Each structure stands twice: as structure tokens, then as C-alpha cells.
Amino acid sequence: MAKAELSSAKKITRGVYPEISRGDVEKTADLSRLKLTSKELSRFVGQLEEILEYVGKLKSANLKHKTSKSTISPYHSLYSEFVEPMTNLMREDKIEPSSVSVEELLANVPQKEDTFIRVPAVLGEREE
Amino acid sequence: MKMTIALAAKKLHQRKLSSVELTRECLKKIEKSLLNAFITVDSEGALEAAKEADKVLGTGQNVQLLTGIPLSIKDVISTAGLRTTAASKILDNYIPPFNATVIKKLKAQKAVILGKTNCDEFAMGSSTENSAFGPTLNPIDKTRVPGGSSGGSAVAVAGDLCLGSLGSDTGGSIRQPASFCGIVGFKPTYGRVSRFGLLAMASSLDQIGPLTKTAADAKTLFEAIAGYDKLDATSIKTELPHTKKVSELTIGLPKEYFESDGLDKGVRESVEEGIETLKKLGCKVKNVSLSTSPYALAIYYIIMPVEVSSNLARYDGIKYGMSTINKAKDLLEVYIQTRSSYFEAEAKRRIILGTYASSAGYYEAYYGQAEGARALLAQDFNRVFKEVDVIVGPTSPTVAFKLGEKTEDPLSMYLSDIYTVPVNLAGLPSISIPIEPARGLPVGMQLTGPRNSDLTILELAIEFEKQFKFQ
């Protein structure tokens, strides 16, 4: 999913969280491919503000750790360091027979043609 | 007495009871039940499986502990040919073409699958009120929630509608409902049970595990589903180590768990009594400190929604599930209309929160900070497990709350997982076992061990259960 700069992003430094605005929620919803009703939007702004304020307690935690922008890799750093060393899992490049047929795999597709998934034309896509 | 897996297996093996009789009995109870524990009931499939199981039982060949045992499955676990909705409208019409690995393993033992149990949408919630199929009611008090997100599984077990159930636990979703309903719920070590076929919520935290009436049954069900699976890249290859004797265990009591403001007095007293029972088993008790635990929920509510926003991106109305494809004028509109019309509020809230916390400019401040703190929290557990074998405390700070009490206040809902969430962040095995009720409502005690101590935790729970009944 596309990521984009939010209006207040420039003001942020590590551990200082700005308030989330109505515009931020709307923009983030849009990035998430969601359109909120104005009622949902009003409800979410307050609720998200409260949740972000709660998670903001991390900023006062003075949690010394060695993560830096270049070394953060989601679960991996934690897993390798405290659980067990990580290794790449690679399967042999060999075709294995499937117990599921193409027809069965396509049975849930909303719109199809033969063995293809049919989608509307990518026209009128908004600019971001 | 409620029928346990152990008791039923004995009767089935002695041919004093048939699987068809047992399955009919469960189906009858499910039909009469007003608790809304199930989303889909598969009477036909269950009776067919029961007949097959009876054949196996009749020959006496290849009979296993779960042969002919009627179970229920949380509706986030894929069952081939049987609708799997994740309690979401967006998957209202979804019929998986394949079985999850855990289902394959149950079927290999000729267990009987009664149907799919209700839960919070995509397992996101602590009360089962976030289901598109309506809330599940607590069988002990119908005005209260059963906990969540595996609320339907917990109620199906506690309400005697099945003999055991499989749930999933991302931040407490097996243990907290087990606690609220007075049953046993076990979250195995991260990687011990394959998640292949589990509808992913937060992949670095999700784990499948059993909900049962006794700890002995939890062990039976765990052993049936555990093991390496090449279809789950996080699956562990090594064998589980043997367990220490229960009388040789040292129990750690983290002061942070007992000092927290939100801990109900009745729950605390029940847990203190439970600790006395552990002492009677010969366990030594030691006070410890997990200084990072007050930050666990904050860490969780950054990492989990970031993973949710990514995992739920696949529901776009193109490949499966409900779709507005016939109405939309272009591709983008299919995505937006489908997701906006068929996701409920909590899913939307977490997708937005996760997208926000992982967007450029915020990623480092939220996600980076949370990942760093998560590593410290895991380190904190490692340090404590050098001194003690098992950490003990309450499963949830309160007993089951009232329906509707927390639906408009997501943060207070999240706080009911304050003791369960740290366990998922560190990938540990943990069990909730029923102890003395408070004001007539069930209370759970949580036993947590270091990674791969699953058998130690289960043995301790089994011994506790025996001692507790004896008292």
C-alpha cells in the first residue's frame, strides 16, 4: 500500500508525537483504500487521538536500544537476537503437484472469464 | 459432569458410546443454544465424519486420542469446502479451497468438526462484540461478554456444545476468553503450531492454540496440532524438550502484574489463592520484576495495527470475498467501495492506525521505537527466566464485563489484554486456567514460561487442576 508524507510529518522527531488531525485521518484512510462517512471520521479522530496519546507513553520510557533507521527490520532483529539466529528459508525451485485444481482456486473470484480474473479498466485513477 | 475429551475418548475406545451419538448430542445442544457461539454449523459433514470415525473405532486400528471427538473451530481457520468468514461481511461468501495445516492434522486423527465459531472480526477485539454476525453471550451470565476474540470457541466449550475448540491468540485472544468463561486456553510458543491457513491478523504475533475444559485436554489437542510445517516459514524444527518435575519448579511473581491500578480486588484474591495451591505442589515462589511490562500494550498497539494494515490489504474485492465489482466504474473504486462497505469499525480503525504509524515521517517515531522496545521486553523476560521457570499472574485484570460496556471506548477495551499481550510480543507459551471465581464469575490464572517450555506449562496446569479439585 502506498505511503505518503502526512501534513504534520515534518514536525516530528523521535519520541515527540503530534496530535492527529481530521485531515490526517482522512488522508490515511484514503491511503488505506477506505472512504469514511463524516460520522465515522468524527468518531475515529477522537478515538485515534486517545490511542495515540496512550502509545505516546513510549516516549517517556527512556528505553535505550540500538535500533537506528538502517538496522530496523520488523521482527527480524528481535527474532535473531533473542530467539534463534535467522536463516533464509529457500525451497528448491521444483514444481510440486497441488491438491487444489485451478477451477477450485478460482471458485471464489467475483468476476472471471475462462481461467482469468476479470477486473475493470484502470481508468480515471486519481492522482496521489 | 461436562464431557471432556479424555472421558469421551475412553468411552469411545471401550465402545460404550459412538461418535455419531456424541456428535448428535452436540448438534442438538448447538441448535437449542441461544448464545450465538457458532457462525456456521456443518451438521451433515460432522455426522459423516462421525460415521467414519465409528468405523475406525470399530476396527480398533489406527485409533487415536481425537478419533470421533466433536470439536469446533474459530472462524479464522480455513476449512476446505466449509465457509470461513473471519466474522467479517467481507468474507460472507468465502469458501476456502484448502484446509489449514491444523485442520489436516485433526482430520488425520478422524476428529469431528461441528462448525465454525464466532469471534471478533479478523480476531480484532476482546469481547466478540466486533463480529458482523452479532455478539456471543457469556454462558455464566448472558448480560456479559465471553471475552475475545475467540469468544465463540470459549462459549462452545464452556456451554458444553463441543468437547474442545481451536482458537487463535495474537494478544490474548485464547487466554482472555478462557478466563472469562471458566475454561482452559493455551497459547503455544510462537512457531510451535503451523499458521498455514490461518487468516492472518498480525503475523509476528498470531498463534493457533486449544480451548478446552481441562488442562489435560489442552495437552491432547496441542500435541495433535503441533509440529514443523514447511508451509509456515516461522515453524520450529527442533523437538520440544522434556519437562522438569512440577515440584522442582520456581514460580516468579512480577510485582508490576499485582501493583497495576486496574486489577480487580476479587481477581487479585483468587490469584493469590491460586498461588497457595501452586506452593502445595512443591513450587518455590519468588518475587520478580518485569520493568518493561507497563509499556507492553503501547508497543502492541503500534506493531499490531501496522501488521494488520498490511495483512488486510489483500481484501480488495478482486480475488475472493464480497465485492462491489459489478457497480464500480474503475478498479480503484472496486477497492474503496468493497473495503468501505464490508469492513466494520474496529477493522477500519486498526487499518488506519497501522497505516498512520507506518507512513513516511512517522515510521521511525512509532514503529521503530516500538520494535526497539519490543526487543527490550523480550530481553526482560529472558533475564527473569534465568531466575524462575514460570511466571504467574492474573490472565485479565477483571472478570467478564457487561455487553456494550466498552464498545465506544476502544482504549478501555484494549486494557483488558494488559497481562496477555507481553507474552505474544516475546513469543512465549502461556496458559490460562480457571481458579476460584470472584462474585460468582470465572477468573483465570496465567502461567507463562520461556520459549519451548510448552510441556512444562501444560504439566504444571494439569497438576494444579488435580490439586485444585482435591481442595
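Chain identifiers are assigned alphabetically (A, B, ...) following the order of the sequence lines, protein sequences preceding nucleic acid strands; residue numbering begins at 1 within each chain. Just so we're clear, the structure is a prediction, and the values are computed from it rather than from any experiment. What's counted below: heavy atoms across the whole structure, side chains too, no hydrogens, waters or symmetry copies.
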Original post:
When rounded to the nearest 0.5 angstrom, what is the spacing between CD in Glu121(B) and CD1 in Ile90(B)?
Top reply: 8.0 Å

Taking atom [atom1] as the centre, does [X] end up with more than 12 heavy-atom neighbours from other residues, nucleotides or ligands that are less than 6.0 angstrom away?
| X | atom1 | value |
| --- | --- | --- |
| Lys230(B) | NZ | no |
| Arg314(B) | CZ | yes |
| Glu96(A) | CD | yes |
| Glu49(A) | CD | yes |

Between [Y] and [X], is the closest basic N to carboxylate O distance under 4.0 Å?
| X | Y | result |
| --- | --- | --- |
| Glu344(B) | Lys348(B) | no |
| Lys35(A) | Asp30(A) | no |
| Arg383(B) | Asp380(B) | yes |

Original post:
Given the rule in the ring-ring contact (aromatic ring centres under 6.0 Å, His included) test, do Tyr315(B) and Phe122(B) qualify, once you have shown the distances and angles that lead to the verdict?
Top reply: CA-CA 11 Å; Tyr315(B) 303 104; Phe122(B) 286 100; 4.8 Å; yes

Original post:
Can you find a heavy atom in the side chain of Asp206(B) that is under 4.5 Å from one in the side chain of Glu307(B)?
Top reply: no

Contact class of [X] relative to chain B, heavy atoms under 4.5 angstrom:
| X | result |
| --- | --- |
| Phe44(A) | side chain |
| Val100(A) | side chain |
| Arg118(A) | backbone |
| Leu106(A) | neither |
| Ala107(A) | neither |
| Glu50(A) | both |

Proximal component of [X], with respect to chain A [non-hydrogen, under 4.5 Å]:
| X | result |
| --- | --- |
| Tyr414(B) | side chain |
| Asp316(B) | neither |
| Ala80(B) | neither |
| Leu91(B) | neither |
| Phe381(B) | neither |

Which residue out of [options] racks up the most heavy-atom pairs below 4.5 Å with chain A?
| options | result |
| --- | --- |
| Leu297(B), Asp409(B), Ile352(B) | Ile352(B) |
| Pro410(B), Ser323(B), Ala328(B) | Pro410(B) |
| Ser203(B), Pro294(B), Ser341(B), Gly191(B) | Pro294(B) |
| Gln337(B), Met322(B), Glu408(B), Glu333(B) | Glu408(B) |

Original post:
Between Val109(A), Ile117(A), Leu105(A), which has the largest tally of heavy atom pairs under 4.5 Å with chain B?
Top reply: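 That would be Val109(A).
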
**OP:** Report the option among Glu104(A), Arg91(A), Gln47(A), Lys112(A) that has the most heavy-atom pairs separated by less than 4.5 Å from atoms of chain B.
**Re:**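 The option with the most such pairs is Gln47(A).
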
**OP:** Would you kindly say whether Glu256(B) and Ser289(B) are connected by a side-chain donor-acceptor distance under 3.5 Å?
**Re:** yes

